[in-house]
Amino acid sequence: MSSISTSTTSGQSRQRPRSRRRVEPIFYFFLVPSLILFTLAITIPGIIGIFFSFTNSIGIGDWEFIGLTNYIAIFSDPAILQSYLFTFGFSIVTVIAVNVIAFLLAVGLTARIRMKSALRTIFVIPMVVSGIIIAYVFNFLFSNSLPEVGAAAGIPWLESSLLANPDLAWIAIVLVTAWQAVPGALLIYIAGLVAVPGDVYEAAEIDGASKFQQLLKITLPLVAGYVVINIILGFKGFLNAYDIIVGLTNGGPGTSTRSIAMTVIAGFNGGDYAYQMANATIFFVVAILISLLQLSLTRGRNAL
């Protein structure tokens, strides 16, 4: 009898719903102000901008509702299509260059070498310098110092500024952007490499694995999650490229290096407010689709 009552009591206790965890008021203290600021600074202006993309507004004065006219015109505008082509091509090339360089540097800076801390500090310096300052410094180097080196070395294609060549200017932008972006990716890779247990490498050495085999078979798989993070963060950041391009080429020669962000801002300043708001809305939708694609490809895999 006692066993029956005990089992009944235990069954009832298992069926009793769990009590909801109480949320501490301090969390709301931090959440609510941030949510209000985000809504006022991001959400509401974004909704207003999307609304005006369906009008002929120039940013001030009267306006009329014109429907999808701006969106239809964008898909036949060669200048905007060129900006999308340049932005995505530049982003893909730069994210590959940044991650390859940052990963190799991280492997070297986590090895048993002298002055690791000092070298890490040196390599992180570009990250704390303003992008526009970096761009103006490299603008001088590409426009003056490098052509002098090319003339002295007898290299014809270096005797003139890369920034003035519509076929090569994008390379200069990739180099400068990567120079500034590598430190951020480097820190993430260093954190990932430090987290790898040393016992794994010791076991691999006992089994006779070379350093290159350890890199391919152990290091890369164990830091794959960090690679995914750097690719996603880097690609999102490079899609919004603006300040370095302004300082180096200002979108030139012609419009060969004009990014989407530059096109939108130039339109705002030139009285094409509604038209460029439609462009910005399309770019926002494209960025959302890319984010969803990346999440679907990485969900359940490469988790930290």
Note to self: Could you check whether N99 and Y226, counting side-chain N and O atoms only, form a donor-acceptor pair closer than 3.5 Å?
What the structure shows: no
Less than 4.5 Å apart, side chain to side chain, heavy atoms only: is that true for [X] and [Y]?
X: Y189; Y: L105; answer: no
X: L233; Y: I188; answer: yes
X: T281; Y: F52; answer: no
X: L193; Y: V107; answer: yes
X: V200; Y: Q214; answer: no
X: V264; Y: F283; answer: no
X: L163; Y: N139; answer: yes
X: F268; Y: M277; answer: yes

Distance check, rounded to the nearest 0.5 Å: [X] atom [atom1] versus [Y] atom [atom2]?
X: L146; Y: L141; atom1: CG; atom2: CG; value: 8.0 Å
X: R258; Y: N250; atom1: CZ; atom2: CG; value: 7.5 Å
X: L35; Y: Y28; atom1: CG; atom2: OH; value: 12.0 Å
X: N279; Y: D272; atom1: CG; atom2: CG; value: 10.5 Å
X: F88; Y: I92; atom1: CZ; atom2: CD1; value: 8.0 Å
X: L81; Y: S76; atom1: CG; atom2: OG; value: 8.0 Å

May I ask whether [X] and [Y] are part of the same hydrophobic cluster, defined by side-chain heavy atoms of I, L, V, M, F, W, Y residues being less than 4.5 angstrom apart, directly or through others?
X: I206; Y: I218; result: no
X: I80; Y: L85; result: no
X: Y275; Y: I60; result: no
X: I50; Y: I42; result: no
X: F38; Y: F27; result: no

Does CG in D62 sit with more than 12 non-hydrogen atoms of other residues, nucleotides or ligands closer than 6.0 Å? no
Are T94 and F235 close enough, and set up right, to give a side chain to side chain contact (heavy atoms under 4.5 Å, CB included), and what steps lead you there? CA-CA 8 Å; T94 308; F235 192 69; over 6 Å; no
List, one per line, each side-chain donor-acceptor pair under 3.5 Å for residues 63-75, sequence neighbours excluded.
residue : atom : partner : partner atom : Å
T69     : OG1  : I66     : O            : 2.9
N70     : ND2  : S53     : O            : 2.9
N70     : ND2  : T55     : O            : 2.9
Y71     : OH   : S53     : OG           : 2.6

Please give me the minimum heavy-atom distance between [X] and [Y], naming the atom from each residue.
X: M262; Y: V246; value: CE-CG2, 4.1 Å
X: Y201; Y: P197; value: CD1-O, 3.8 Å
X: K236; Y: S291; value: CE-OG, 2.9 Å

*asked:* When you measure from the side chain of S143 to the backbone of F140, do you find a donor-acceptor pair of N or O atoms at a distance under 3.5 Å?
replied: no
*Counting only N and O atoms by type, is there a donor-acceptor contact under 3.5 Å from the side chain of S83 to the main-chain atoms of S259?*
no
inquiry  = Parallel, tilted or perpendicular, judged at 30° and 60°: which one describes the rings of F86 and F90?
reply    = parallel
Would you give me the side-chain donor-acceptor pairs under 3.5 Å for residues 168-187, sequence neighbours excluded?
residue : atom : partner : partner atom : Å
W170    : NE1  : D167    : O            : 3.0
T177    : OG1  : I173    : O            : 2.7
Q180    : NE2  : V129    : O            : 3.1

* **Test side chain to side chain contact (heavy atoms under 4.5 Å, CB included) applied to N230 and F103, step by step** => CA-CA 10 Å; N230 272 330; F103 180 77; over 6 Å; no
